[in-house]
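Everything below concerns the one structure shown next.
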Number of protein chains: 2
Amino acid sequence: MSGRMGELLDHLGPLLGRAHEAHRVLTVAALQGTGLSPKSFGALVVLEAEGPLSQGRLAARQGIDRTTMVAVVDELERAGAVRRRRDERDRRAYALELTDEGRALLERARGAVEDAERRFLEPLPAADRRALKRALRTLVERAGDPQTARA
Amino acid sequence: MSGRMGELLDHLGPLLGRAHEAHRVLTVAALQGTGLSPKSFGALVVLEAEGPLSQGRLAARQGIDRTTMVAVVDELERAGAVRRRRDERDRRAYALELTDEGRALLERARGAVEDAERRFLEPLPAADRRALKRALRTLVERAGDPQTARA
DNA sequence: TATTGTTATACTCTATAACTATA
DNA sequence: TATAGTTATAGAGTATAACAATA
């Protein structure tokens, strides 16, 4: 991840790819002390916001396969951050929930991640930072929209 | 690559990741008819802009390993788009150059890719599209800068 | 019959190590 | 000794197929 890019920076693909990768490196470093990966951090974020969730639904939220989520939850459970409770209304599924320890871990991690994001965005004026996130949000929401997808 | 994201869209990582992935899907589809991958397309772009280049330098431009570039150039050579000439000033290295056929292929591919980019950015007003690319360029350039990297 | 979580397996992508030919 | 290109190999990451338990 380095080197001049010249004409490649005229294309959106390399721009998004390099930006994502550079940001990912900072995030992974920021999460270092927590023992969390970006993926397991994301799982905690979703679980806190949306309460008890099945493993499959949690996976869908992250855009990953449910078989991939197994190892993520294994890791979070070993860390004591998540509990695999049975969903009493559908005993095939779990009702995954954050433990108090998980909530505390999430707060520490979120601080570190937001700090990394701040450092990453530092070269931009505040207005541009907000505009960037707003633009990306618009694009991501429309891209997932079937209305737009067939275009 | 679908589903509501809710609170994950507050974080820059998922935003960049989803945007990159959605754009990549469009690009791959756009390149369908050309037989090019995003990576080999990028190689053609660089070769056209920077003239004859060694395989290792071409790889460095793309931020990939030189061993990964071997297969990319194999593919481009098979397609008749690139010629592996020996560099007469250093006979270990190649002086890779576009063929006329490669130039024509690149023009077709660039049209398709730019079309895909246009469709992807469609949800944004023109001013926001320019602002987005400008912001990403700034971030990517600073992120590669050792001055910023140690921060 | 269909679905949840699980495992085993395969596939894709990419880098590391070791080789050759040149320098 | 060091570097350019190549190959074989290994590793990370993820998905597909098949299974047990439950619906």
Side-chain angles (χ1 to χ4, degrees), chain A residues 1-3 13-14 17-18 20-22 24-25 27-29 31 35-43 46-47 50 52-78 82-97, chain B residues 1-3 13-14 17-18 20-22 24-25 27-28 31 36-43 46-47 50 52-78 82-97:
Chain A
M1 247 284 306
S2 68
R18 292 272 174 144
H20 182 221
E21 174 61 11
R24 203 192 57 82
V25 167
T27 301
V28 168
L31 286 171
L36 293 172
S37 63
K39 220 167 8 187
S40 54
F41 170 70
V46 172
L47 279 181
E50 310 192 13
L53 228 50
S54 80
Q55 220 168 269
R57 279 179 57 82
L58 178 58
R61 280 278 191 266
Q62 318 252 32
I64 66 182
D65 195 87
R66 69 195 214 277
T67 63
T68 304
M69 186 53 77
V70 176
V72 175
V73 177
D74 281 354
E75 175 196 322
L76 290 172
E77 197 181 36
R78 267 196 307 275
V82 156
R83 208 180 348 249
R84 269 173 164 132
R85 239 188 39 213
R86 273 291 156 199
D87 182 340
E88 290 305 331
R89 291 180 295 265
D90 181 349
R91 298 188 46 76
R92 294 171 302 183
Y94 292 131
L96 297 176
E97 55 184 21
Chain B
M1 245 285 308
S2 69
R18 290 273 175 143
H20 182 221
E21 174 61 11
R24 202 192 58 81
V25 167
T27 302
V28 167
L31 286 172
L36 293 172
S37 63
K39 219 168 8 189
S40 53
F41 169 71
V46 173
L47 278 180
E50 310 191 15
L53 228 50
S54 80
Q55 220 167 268
R57 280 178 57 81
L58 178 57
R61 278 278 190 265
Q62 318 251 34
I64 66 182
D65 196 86
R66 68 196 215 276
T67 63
T68 304
M69 186 54 78
V70 176
V72 175
V73 176
D74 282 352
E75 174 197 322
L76 289 172
E77 197 181 36
R78 266 195 308 274
V82 156
R83 208 179 350 249
R84 269 173 163 131
R85 239 189 38 215
R86 275 289 156 200
D87 182 338
E88 290 304 331
R89 292 182 295 266
D90 181 349
R91 299 190 43 78
R92 296 171 302 182
Y94 292 132
L96 297 176
E97 56 185 19

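Every chain is numbered from 1, with letters handed out A, B, ... down the list of sequences. Bear in mind the structure is a predicted one, so any value in this text is a computation, not a measurement.
The CD-P distance, from B/E75 to C/dC13, rounds to 11 Å in whole Å. Between the CD1 atom of B/I64 and the P atom of D/dT6 there is a distance of 13 Å, given to the nearest Å. B/D65 has its CG atom 15 Å from the P atom of D/dT3, to the nearest Å. A straight line from CD of A/Q62 to P of D/dG13 spans 15 Å, rounded to a whole angstrom. Atom P of nucleotide D/dT6 and atom CZ of B/R91 are separated by 14 Å, given to the nearest angstrom.
Between B/K39 and C/dT14, a side-chain N or O to OP1/OP2 separation shorter than 4.0 Å is present. Residue A/T68 places none of its side-chain N or O atoms closer than 4.0 Å to OP1 or OP2 of D/dT14.
Between A/E97 and A/R85 there is a salt bridge, with a side-chain nitrogen of the basic residue lying less than 4.0 Å from a carboxylate oxygen of the acidic one. For the pair B/E50 and B/R61, the salt-bridge criterion is met [side-chain N within less than 4.0 Å of a carboxylate O]. The pair A/E21-A/R24 meets the salt-bridge criterion, since a charged nitrogen lies less than 4.0 angstrom from a carboxylate oxygen.
Residues A/R89 and A/D87 come closest through the heavy atom pair N-OD1, 2.8 Å. When all heavy atoms are compared, the tightest approach of B/A43 to B/V72 is CB-CG1, 4.4 Å.
Residues B/R84 and B/Q55 form a side-chain contact, since some pair of their non-hydrogen atoms from C-beta on lies under 4.5 Å apart.
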Output one line per pair: protein atom, nucleotide atom from nucleotides 4-11 of chain C, and distance, for all N/O pairs under 3.5 Å.
residue, atom, partner, partner atom, Å
C/dG5, OP1, A/Q55, N, 2.7
C/dG5, OP1, A/Y94, N, 3.2
C/dG5, OP2, A/G56, N, 2.7
C/dG5, O3', A/Y94, OH, 3.4
C/dG5, N7, A/R66, NE, 3.4
C/dG5, N7, A/R66, NH2, 3.2
C/dG5, O6, A/R66, NH2, 3.1
C/dT6, OP1, A/Y94, OH, 3.0
C/dT6, OP2, A/Q55, OE1, 3.2
C/dT6, OP2, A/Q55, NE2, 2.6
C/dT6, OP2, A/R84, NH2, 3.2

